[in-house]
Each structure stands twice: as C-alpha cells, then as structure tokens.
Amino acid sequence: MNPRYPIGPAVALALVLCGNVPTAWAHEIPAFARKYKVSCNLCHNPFPTLTEFGETFAGNGFRFAASEEPRDTINTGDELLQLARDIPLAIRLDAYVRAYTDGDVATDFQSPYNLKILTGGTISNKLSYYLYFFLFERGEVGGIEDAFIQVNDVGGAPFDVAVGQFQVSDPMFKRELRLEYQDYAVYRARVGLQPADLTYDRGVMAVADVGNFTLTGEIVNGNGKGEAEPNRRLDNDPFKSLFGHATANLGPYLRVGGMGYWGRQEGAPDEISPLVENTVWMVGADATISAGAVELNAQYIHREDDAPTFSASEETARVDGGFAELLVRPPQSRWYLVGLYNLVHSDRPLLNVRLGGPSGLERYETITGGVGYLARTNFRLLGEFTWDMEQDQTRWTLGLVTAF
C-alpha cells in the first residue's frame, strides 16, 4: 500500500514506537518502543507528526514489514493462535495553561487537559487492532474514540480494510496527529440539528492503490459516536453515509487529493413533529507541498444540507470552509514552528467549530502561530497564539504533551 494515506485512524499507533534509534496510523505512545526497542523519532518528527517510515509502519498494520508474523508470542500449541506475551499499553498526557483577552484577561489552568490509555498491535500476519480510551477529557471521562480491527492485503492485493470507529477525515489530514492545540475547524463544522460531520463515526473503511492513486472509500452510520438509542441501536435512522477520497503524488514535492461525501439523516425538531429526511453532501480538495524542512497543507470543503433542522419547509443550508497549515521542522533541530489559518462560513449559525461548543455565529476565522521544543523525544513543550477575528479575541496557550 502507498504509505502516505493508509487506513486513517490507525496512523495513531505508529508513535507507539518510542525508544533508542537516532533520527491514516499513529498516536503519541511508546508501547511499541518497548517491543521493537526503537525511538519515537524513527516514526515521528516531532511526535505525533509522522515520518515516511512511520506512515509505512502504520500502513503495514503496525509492523516493520508487510505480512510480518507477530513478535513476542506465547507458544500455546495452537497453530491458529498467535497470542501476544504482553498486552501493549501506553499513556498520553496533555496539560496546558491558557489566557484569553477580549477587553478583559482571563486565565485557565487546563492541567490535565487530556489523559488517554492506548493499546494496539498484531493478531496475525495480516490482522491488527487499535483503540484508545479517554480516562480524562476536559474534566470528564471521554470514553472510546478510535477503535477498530484492520486487515492488510486482502486477497493478496494492495487492499486494506478497517472496521470500527474512526475519523471520516483521516484520509485527508489527521486531526489526532496535528502539532497545534488549535483544531481543523472545517472538519467539525455543521449546522442545524443533523449530527454528521467529518470527525468520528462508525463503519468500514477500505484503501486501495491503483496506479499512482490511493483510493479510500468509507461507509458510516452518519451520526457520529454518540450513545445508543433506547433500542440499543447506534445508528438512529435506516440510512448510511458514503465518503470517498482519491490522492496522488505529482512529483517529489506535491500531493493533491479530492473528496466527496453523501448521506441522509432522519429526524424531527421535537418529539411530536413528523420525521423529515435531511440530505447532506460535500465536495472538497486537499493538497500538500513539501520541500525539506517546510511543509504546506491546504484543505477546502463545500457542504449543503437541504433540511438541517428536519423541517419540511426550509431552504438549503450551505457551508464553505477550509484551512491552510504551515510546518517548519529544521533537520537535526529540536525546535519547530507552526502556522494555521481557519475559515468557515455559512448562511446559518455554525455549530461545533469552536473548541467548547456552539458559537452562534455564521463565520469562524482564526489565525494561529506557534513554536515547539522537544525537551525529550517523548516530551514536547509548546507555545501558541490564536486571534479569533470574528470575536476579536486572542488566546494564548502554553503546554506540554508527553507519552510513556
């Protein structure tokens, strides 16, 4: 498989490689370091951003080589059981201090902000798994986010499949691997009462290499990762949503991609109103320009919902948005620089684009700049500044991210 865009959520596991080798699948955890006795910087620069090797490792199902047999297994005498000697576990901790200025100044100790326990590994030479659990997420138990089973090289072809819970947007840019505190707002944006966006959902993802292209297809519930209905169904309507993405490398420095999403949800604005169907579709483009220490990422998405509040007599809601991200990572340096511009606008109040909940505004525009330093290979310090142009508010963030 082309390692640049394998099954997205699995990228979270490659950072599990933290140990002593010099300088979408990975998170910022060192469980595989203890297994393979290698360093985080074999797969990350800096963590959680992936190196080319880290992308390959994740695309192989968390193996150094495709179809490699599981290591450190117990001899049970059962040819069909390759049982790991130990369950790989790791912890990630994020802690921040933030300041907000919009005429007045307010400060907030967000320490800890996130605390995760992660595990993943191989089941056979083609089967692997990954999941993580939020022990603490912004003041409460967050529960499961990524959780899936991955099958590599189905039928001996360059064709991989993952089944479970993952982020719809992972084949484009992976939110869990960004260096900034500030999020990719367009992936979270939605309007009305319908639940679909491009973050977490449950379903099936398939990735195939066809010539110079990497093709990704997804079938998901379309209603996110919320709780089950009283009837124990996790999908709250009879419909499924479809996502597709194609990407190609055009020379050594440029990658371009295109996406499409189509889905339908059924709902009502209250318990006594009749059910109404909302059809949602999206199209977009993404690109990466990479030259040495400098990388520029860009995303654009157009979205339309014909009944976002599940009312039979409403006009189509339109959302347009995207982001541009600049990363500067000098070779052999422990310092890095980041820049992120977010713009999302709609003809309805936008939901979920601001960290912290609904904004009530029809436009979201921010500029972020930051600097980071690797105090240790698995201990990263960061400072970040964001200007929210719509609210005329500045936000300052100092923090640390570590995994062990």
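Computed from a predicted model, the values in this text were never measured in an experiment.
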Inspect the surroundings of CD in Glu315 and state if more than 12 heavy atoms from other residues, nucleotides or ligands are less than 6.0 Å away.
no

Is Arg264 salt-bridged to Glu266, cutoff N-O under 4.0 Å?
no

Verify whether the ring centers belonging to Phe323 and Phe173 lie closer than 6.0 Å.
yes

Check ion pair Glu218-Arg202 (N to O, under 4.0 angstrom)
no

May I ask you to check whether Phe134 and Phe136 place their ring centres under 6.0 Å from each other?
no

Sequence neighbours excluded, the answer for ring-ring contact (aromatic ring centres under 6.0 Å, His included) partners of Phe385 is Trp396

For Tyr373, is the OH atom crowded, meaning more than 12 foreign heavy atoms sit under 6.0 Å from it?
yes

Note: Glu384-Arg98 ion pair, threshold 4.0 Å (strictly below):
no

Are Phe109 and Tyr96 close enough that their ring centers fall under 6.0 Å?
no

Can you tell whether the side chains of Asp235 and Lys240 come within less than 4.0 Å, N to carboxylate O?
yes

Checking side chain to side chain contact (heavy atoms under 4.5 Å, CB included) between Ser169 and each of Phe243, Tyr200, Tyr187, which is the one that passes?
Tyr187

Do Arg318 and Asp320 meet the salt-bridge criterion of a basic N to acidic O distance under 4.0 Å?
no

Tell me if the aromatic rings of Phe148 and Tyr130 count as close, with their centers under 6.0 Å from one another.
yes

